[in-house]
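In what follows, residues are counted from 1 in the order of the sequence shown. Counting starts at 1 for both ligands and their atoms, following the listed order. Predicted model only: the values in this text are computed from it and were never measured.
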Amino acid sequence: MNTNLAKHTAAHAEAPFLPGPILLLGAPGAGKGTQAQVLESRFAIPQISTGDLLRQHRRNHTHLGMIADGLMSKGQLVPDDLVNQMVAVRLCEPDTRPGFILDGFPRTLAQAEWLDGFSPDCGPLPPTVAIEIRIDETQLLRRITGRRTCPSCNRIYNIYFNPPANDELCDDDRTKLVQRADDTEQAFHKRMQVYRDQTMPVIPHYQSTGRFRSIEGDAPVEAVSAAILAALRQLRQEFPVGGAL
Ligand code: AP5
C-alpha cells in the first residue's frame with residue numbers, strides 16, 4: 001500500500017472516533033506524560049500538563065511560579081484555587097475545542113469537584129473520561145530518577161528504559177536534556193505520600209460516574225498506549241462527545 005493510501009485508510013478508520021476531553025490519572029512516574037504525548041500526536045489534541053504549566057510559570061518568575069517553586073521541589077501540591085484558575089484559562093484557548101488531555105489534573109477531590117462544575121464562557125465541555133495508569137510503587141523509583149526531559153519540546157526519555165540516541169541530547173531537536181529538580185529519591189517519597197493521601201481519593205470519584213477505566217502501566221509504552229486507546233473507544237461509545245465540541 002502506498003503511504004498516501006495508508007494515511008487515508010488510517011484517517012478513515014479513526015474518523016468516527018472523537019476522544020474528547022481525557023483525564024490521565026496515576027502516581028508520579030506512572031507514564032501520564034508519555035501517554036499524553038502519544039495521544040496528542042495521534043488525535044491532534046493538546047496535552048495540558050499542570051506540572052509543565054507550573055514549571056513554565058517558575059521559569060517566567062510569575063507570581064504563581066514563585067508560590068509553586070518551593071512547593072514543587074518539596075513534592076507538595078500547589079493550592080487548588082491557583083491551579084484551578086490556571087486550568088480554567090488554558091481550557092478556554094481555542095486549540096482545546098476538538099478535545100484535550102489533562103495530565104496531572106485533577107489531583108485532589110476538590111479539583112475534581114471544581115472540574116465537574118466548570119462551565120467555560122467559551123462553550124460547554126462534553127463529558128470528560130478518566131483513565132488511571134496503574135503501577136506498583138516499587139517500579140516507580142527508577143522511572144523517576146532515570147527520567148530526562150527536553151526543555152525545548154518536552155519530549156520525555158529515561159536513561160534506563162528509553163534513552164536518547166545520544167546520551168544527553170534530544171533526538172528531535174538536539175537540545176541538551178535536563179533532569180527535573182523534584183526527580184530525587186527524597187522528593188519522590190514525599191510525592192508518593194501526597195499521591196496516596198490527596199490524589200487517590202479522586203479514583204473512586206470517577207469510578208462512581210462510570211466514565212473511568214484503569215489500565216495496567218507496567219508494560220511497554222506501546223502496549224499501554226494500545227490499552228488506553230481500547231478503553232477510550234469503549235468509553236466514547238457509552239459517553240459520546242456529541243455535538244458539544
Ligand atoms: P507533574 O509534572 O504532573 O508530576 P507527576 O504527576 O508527579 O508525574 P510525573 O511527571 O512525575 O510522571 P508521569 O506519570 O507523567 O510519568 P512520565 O510519562 O514522565 O507534577 C509536578 C509537581 O507540580 C507536583 O508534585 C506538584 O507540586 C505540582 N502540580 C502538578 N499538577 C498539580 C495539580 N493538579 N495540583 C497541585 N499541584 C500540582 O514517565 C516517567 C518516566 O518513566 C520517564 O522517564 C518515561 O520515559 C518512563 N516511562 C513511561 N512509561 C514507561 C513504560 N511503559 N515503560 C518504561 N518506562 C516508562
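- For the pair L77 and ligand 1, the shortest N or O to N or O distance does not fall below 3.5 Å.
- Nearest protein heavy-atom neighbour of atom 44 (O) of ligand 1: Y157 O, 2.7 Å.
- Scanning the protein for heavy atoms near atom 24 (C) of ligand 1, the closest one is R107 NH2, 3.6 Å.
- Residues R147 and Q179 have side chains that never bring a donor and an acceptor to within less than 3.5 angstrom of each other.
- The protein heavy atom nearest to atom 41 (C) of ligand 1 is R143 O, 3.3 Å.
- Put simply, no part of R148 is less than 4.0 Å from ligand 1, judged by heavy atoms.
- Less than 4.0 angstrom separates some heavy atom of A219 from each of these atoms of ligand 1: 52 (C), 53 (N), 54 (N).
- Heavy atoms of G29 approach ligand 1 to within less than 4.0 angstrom.
- Side-chain polar atoms of Q193 and R196 form no donor-acceptor pair below 3.5 angstrom.
- Side-chain contact annotation: D69 with H57, donor-acceptor N/O pair under 3.5 Å absent.
- Contact check for Y157 versus D167: no side-chain heavy atoms found under the 4.5 Å cut-off.
- At the top of the distance list for atom 7 (O) of ligand 1, counting protein heavy atoms only, stands R191 NH2, 2.8 Å.
- For ligand 1, one of its N or O atoms has an N or O atom of R147 under 3.5 Å away.
- With a 4.0 Å cut-off on non-hydrogen atoms, I144 touches ligand 1 through its side chain and not its backbone.
- Among protein heavy atoms, the minimum distance from atom 38 (C) of ligand 1 is reached at L54 CD1, 3.8 Å.
- A donor-acceptor pair shorter than 3.5 Å cannot be found between the side chains of T149 and R155.
- The shortest N/O to N/O separation between V78 and ligand 1 falls below 3.5 Å.
- Side-chain contact of T108 with D80: a donor-acceptor pair under 3.5 Å is present, judged by distance alone.
- S214 and R134 share a side-chain donor-acceptor pair at under 3.5 Å.
- Proximity of Q35 to ligand 1 is not established, as no heavy-atom distance is less than 4.0 Å.
- The closest side-chain donor-acceptor pair between T175 and D173 falls under 3.5 angstrom.
- Taking 4.0 Å as the cut-off, A27 counts as a neighbour of ligand 1 on heavy-atom distance.
- At a heavy-atom distance under 4.0 Å, only backbone atoms of Q76 (N, CA, C or O) approach ligand 1.
- Residue-to-ligand polar distances place G33 within reach of ligand 1: an N/O pair is separated by less than 3.5 Å.
- For atom 23 (O) of ligand 1, the closest non-hydrogen atom on the protein side is M72 CE, 3.3 Å.
- For atom 31 (N) of ligand 1, the closest non-hydrogen atom on the protein side is T50 OG1, 2.7 Å.
- For the 3.5 Å distance criterion, the side chains of Q35 and S225 qualify, holding a donor opposite an acceptor.
- Ligand 1 places these atoms under 4.0 Å from at least one heavy atom of R55: 2 (O), 21 (C).
- Close contacts between ligand 1 and D182 involve ligand atoms 21 (C) [criterion: under 4.0 Å to a heavy atom].
- Note on ligand 1: I133 sits outside its first shell, no heavy atom being nearer than 4.0 Å.
- R107 places a side-chain N or O within 3.5 Å of a backbone atom of G104 that can act as its donor or acceptor partner.
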